[in-house]
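I have placed the structure first, in the form of structure tokens, so that the comments after it can refer back to it.
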Amino acid sequence: MTLDDSSISKKIFYDSWQNNFFKFSVIFFIFICLLAFIYPEISEIKAEKMNIKSKFLPPIFFEGFSWTHILGTDQLGRDMLMRCLVGLRFSLIIGFASVFIMLLFGCLVGIISGFKSSWVDVIIMRITDAQLSIPMVILAISILGVSRPNLASIILVLALSGWPLYARVSRSMALIERDKEYVRGARILGANDFRIIFFLVVPIILPPIAFVSVLDIARMMIFEAILGFLGLGVQPPTPTFGNIIADARKYLINAWWIATMPGVFLVITLVTLNYIGSTLEKSKNKIFGEGI
Amino acid sequence: MHLAGQFVRRILQGVVVVLITTFLIFSILRIVPGDPVRLIVGGMAPDNLVEEIAQKMGLRDPIPVQFGRYLSQVVQGDLGNSYQRPKNGMMGQGGDFNANMDVEMAEVSDLILERLPYTLQLAGLALLISLIISFPLGISAGLKPKGFISKIAFFISSVFVSIPNFWLGIVLALFITIKLGLLPSIGYQNFAYTILPAIVLAVETCPFIIRTISVSFAEISQEYFIKSGKVRGLTRNGVIYRHTLRNASIPLLNLLGIQLSTLLGGVIVVEYIFDYPGLGQLTIYAVLQRDFPLIQGIAMVTSALYVGLNIAVDLITYSIDPRLES
């Protein structure tokens, strides 16, 4: 690959941008993000504010609704829209941060492993095998199950459980790049491993993997919700999708919207994100081939 | 023979992987705070008693020593006894601190074997449902990448992959069990209790399978030997069923091997929501109760399953397409 990194990224993004539905998804996703981060701050309704008088209000257009609470209220009279938005905020932070960390760490380990091809490589690859052979959930709940989980520990645990795939993909790409002429050329010119890896190989390997990792953000957001549901996410009273739904199971028969609305909210966001991710992936495959 | 040598090498590698997995889980459990002895003897027990029992159980030795002891047990076929679950099936009540110590604890291997059939039944039904949905969609999407069904397949995959399994479980329980009363959902009494959890799992796995099938069909239908089928006078369907299907099954088998741990992860969550008495539910409670021997046993069995399945998949793959052997 003789292209430099910015033109690869631009090409992939430009190719996706031709798709009208992709444009719509990107704009819609940015809108949702802004809504999640700004609206709860400027609105008078607070996510943690309880109001027993207006508990169990249904969403609009159902019998007995109120215009102040579009998505209804929960068992303590807290506004569902606000709770969903704050939950989405944490979900987005955790999704983006954990994928960012696992991408950087996994690729770094993978590229070094591919370049060294010695006992380091063997050990790293067996560790990834071992980690891929047990479900992420077991690993995550073993670590989070004891301490009171907070934002940082959740992000780290998710990153820890997701890095092996990145390591393997980037390793196999590094093995191909290692024998290319530009690397040999640079070596003859006196560049050391550090320089070759960070200035020549990383800029070529990272962008295509980064585009595909958009799909992983959605996966991690689901995973965050699962952890929250098991009681191992960000702790109440801070609302997250997982803990809202877990609490609402008790009221499923009389107040169905408390458990279902956050899920609808999450699914809409994730469909958008997944559509963006898979369109980028398709464009990447068109330009790069089915390499990774 | 070449194949036999490779087979032995794969098995040895597999054993190493299982050992590393077990060691990782073993150390993580002991490094992360959370004392199982405290949970065994109960919150009211004095600290010196906790310390004494922990010493007696060997939990204060260095981790490599403990691991060596555990391995020598495992080699003799003994996965140890649960910390929390007595043999007669009654759960102890944590509060009274010497009550649990006298009861004989259930063997880990028994606990796992007891639950395994339920999980296999669930996973098998889920796989069957997702194959039934994915095959028609995947094949037609692969053969006509620009067609209408291809768009539907893409849409369905995007939506399915975005649905959190626990939420879908709750929604299905709400509509199908509570509102319509069609299928039961909580616990297990007969086969009907498997259906809803299996649907949730199938929705989770569908996107991967549709994608794999459509990609491999799109690739293979471009191959020379498929195109030549037309020249040989075979009908389109004849070509698909006699040649394409067989070749497209290779990536599908590989997917099954790679995705096994994802599938099992889904099983854990789904079994927890539906209170389904399988391995997944056992795992969640084992972790939350810090039942070390049980978690280690489950992790070891899971990873051995993964390794074994992957080796089996490779062997089947070679017999389908001998070119891949090199």
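Here is how names work: the chains are called A, B, and so on, in the same order as the sequence lines, proteins then strands, and each is numbered from 1.
- Contact of B:Ile268 with chain A is made through the side chain alone, with heavy-atom distances under 4.5 Å.
- With hydrogens and angles disregarded, no donor-acceptor distance shorter than 3.5 Å links the side chain of A:Thr240 to the backbone of A:Gly228.
- Contact annotation for B:Val287: only side-chain heavy atoms (C-beta onward) come within less than 4.5 Å of a heavy atom of chain A.
- Partners of A:Arg249 by salt bridge (Lys or Arg N to Asp or Glu O under 4.0 Å), not counting sequence neighbours: none found.
- The line from CG of B:Leu264 to CG of B:Leu201 is 9.5 Å long, rounded to the nearest 0.5 Å.
- Only the side chain of B:Ile25 comes within contact range of chain A, with at least one heavy atom under 4.5 Å from a heavy atom of that chain.
- Side chains of A:Thr279 and A:Asn19: a donor-acceptor N/O pair is absent below 3.5 angstrom, by distance only.
- Using a 30° and 60° split on the angle between ring planes, A:Phe21 and A:Phe24 fall in the tilted class, from 30° to 60°.
- Here A:Lys282 contributes atom NZ and A:Ser16 contributes atom OG; the two are 10.0 Å apart, rounded to the nearest 0.5 Å.
- Put simply, the side chain of A:Leu230 does not reach to within 4.5 Å of the side chain of B:Phe166, judged on heavy atoms.
- Listed options A:Leu232, A:Thr269, A:Val264 were ranked by heavy-atom pairs under 4.5 angstrom with chain B; first place goes to A:Val264.
- Comment: B:Arg115 does not engage B:Glu271 in a salt bridge, judged by the lack of any side-chain N to carboxylate O separation of less than 4.0 angstrom.
- Using a 30° and 60° split on the angle between ring planes, A:Phe241 and A:Phe265 fall in the tilted class, from 30° to 60°.
- The part of B:Val269 that comes within reach of chain A is its side chain, from C-beta onward, which places non-hydrogen atoms under 4.5 angstrom from that chain.
- Ranked by heavy-atom pairs shorter than 4.5 Å toward chain B, the options A:Leu252, A:Leu215, A:Ile127 are led by A:Leu252.
- Of the atoms belonging to B:Phe160, not a single heavy atom falls under 4.5 Å from chain A.
- The aromatic rings of A:Phe22 and A:Trp17 sit perpendicular to each other, their planes meeting at more than 60°, with 30° as the lower class boundary.
- Near-neighbour residues of residues 302-311 of chain B relative to chain A, defined by a heavy atom under 4.5 Å from a heavy atom of that chain, comprise B:Thr302, B:Ser303, B:Tyr306.
- Residues satisfying the side-chain contact (heavy atoms from CB on, under 4.5 Å) criterion with A:Ile93, sequence neighbours excluded, are A:Phe37, A:Arg89, A:Leu151.
- B:Tyr70 and B:Phe26 have tilted rings, their planes meeting at an angle from 30° to 60° on a 0 to 90° scale.
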- Applying side chain to side chain contact (heavy atoms under 4.5 Å, CB included), run through A:Val26 and A:Phe31 and close with a yes or a no. CA-CA 9 Å; A:Val26 170; A:Phe31 170 74; over 6 Å; no
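- Within residues 218-227 of chain A, the residues having any heavy atom under 4.5 Å from a heavy atom of chain B are, by residue number, A:Ile222, A:Ala225, A:Ile226.
- Interface summary for chain B: among A:Ala248, A:Ser133, A:Ala246, A:Ala130, the most heavy-atom pairs under 4.5 angstrom belong to A:Ser133.
- Here the two rings, on A:Tyr275 and B:Phe154, have centers that are under 6.0 Å apart.
- If you tally non-hydrogen atom pairs under 4.5 Å between each of A:Asp129, A:Thr260, A:Val137 and chain B, the highest count goes to A:Thr260.
- No side-chain N or O of A:Asp216 forms a donor-acceptor pair with one of A:Ser213 less than 3.5 Å apart.
- Chain B forms more heavy-atom pairs under 4.5 Å with one residue of A:Leu270, A:Leu139, A:Leu273 than with any other, namely A:Leu270.
- Counting heavy-atom pairs closer than 4.5 Å to chain A, the top residue among B:Val159, B:Leu288, B:Ile28, B:Val161 is B:Val161.
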